[in-house]
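Heads up: the structure comes next, in structure tokens.
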Amino acid sequence: MSTQDCLFCKIVAGEIPADVVHETEHTLAFRDIHPQAPTHVLVVPRAHHADAAALAAADPTLVAALVGAAAQVAADAGHPDDYRLVFNTGAGAGQTVFHTHLHVLGGRALTWPPG
């Protein structure tokens, strides 16, 4: 998939609207359109990387920036100590948009295993 066809690249570029809750020079965080918890936000790198493994290989510091942004999103939502972070890598793991994204989930009891 080219970055021109990537849904999250279009959101980062402002071509598709999103409910943005946090942004930095390197990351953008917006509410998931199909939330699985009261707080369900996606944190994406502004640069296109297909999945978490590709991002880690290309730019490990950007992985840290995603996690830091996710922690800020959770704190801003009132969940500074109780939230879940999820990377889905590959279609078999539930990844449907092939642009790295970190799910921030909070605001309810989160059971284990997740499903």
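Note: hydrogens, waters and symmetry copies are ignored here, and every other heavy atom, side chains too, is used.
Using a 4.5 Å cut-off between side-chain heavy atoms of Ile, Leu, Val, Met, Phe, Trp and Tyr, with links allowed through other members, V63 and L102 fall into the same hydrophobic cluster. V44 and V41 end up in different hydrophobic clusters when Ile, Leu, Val, Met, Phe, Trp and Tyr side chains are linked at under 4.5 Å. Linking Ile, Leu, Val, Met, Phe, Trp and Tyr residues whenever their side-chain heavy atoms come within less than 4.5 Å places L7 and V20 in a single cluster. When the side chains of ILVMFWY residues are joined at heavy-atom separations under 4.5 Å, either directly or via intervening members, F98 and L55 end up in two distinct hydrophobic clusters. Hydrophobic clustering keeps V104 apart from V97 (ILVMFWY residues linked when any side-chain heavy atoms are closer than 4.5 Å, directly or through intermediates).
Across all their heavy atoms, A54 and H49 have their closest contact at O-ND1, 4.3 Å. Residue A58 comes nearest to P60 through the heavy atom pair C-CD, 4.0 Å, listed as atom of the first residue, atom of the second, then distance. The two residues A29 and V43 come nearest to each other via the heavy atoms CB-CG2, 3.9 Å. Nearest approach of G106 to A37, heavy atoms of both residues: O-CB, 3.5 Å. Minimum interatomic distance between V12 and L28 (heavy atoms only, all atoms of both residues): CA-CD2, 3.9 Å.
A distance of 12.5 Å separates CG in L42 from OG1 in T27, rounded to the nearest 0.5 Å.
Sorted by first and then second residue, the pairs that involve residues 25-45 and meet ring pair (Phe, Tyr, Trp, His ring centres under 6.0 Å), not counting sequence neighbours, are F8-F30, H40-H103. Within the structure, side-chain hydrogen bond (donor to acceptor under 3.5 Å, both in side chains) contacts touching residues 83-101 (residues at least two apart or in different chains) are H48-H99.
Here L105 is tied into one hydrophobic group with V86, L110, each link being a pair of ILVMFWY side chains closer than 4.5 Å.
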Tell me which donor-acceptor pairs under 3.5 Å the side chains of residues 73-81 have, and how far apart each pair is, sequence neighbours excluded?
unit_1 : atom_1 : unit_2 : atom_2 : d
D76    : OD1    : Q72    : NE2    : 2.7
H79    : NE2    : T39    : OG1    : 2.9
H79    : NE2    : A77    : O      : 3.4

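For E23, the side-chain hydrogen bond (donor to acceptor under 3.5 Å, both in side chains) test picks out R46, with sequence neighbours left out. Scored by the salt bridge (charged side-chain N to carboxylate O under 4.0 Å, His left out) test, R31 finds D19 as partners (sequence neighbours excluded).
Between L85 and V67 there is a side-chain heavy-atom pair separated by less than 4.5 Å.
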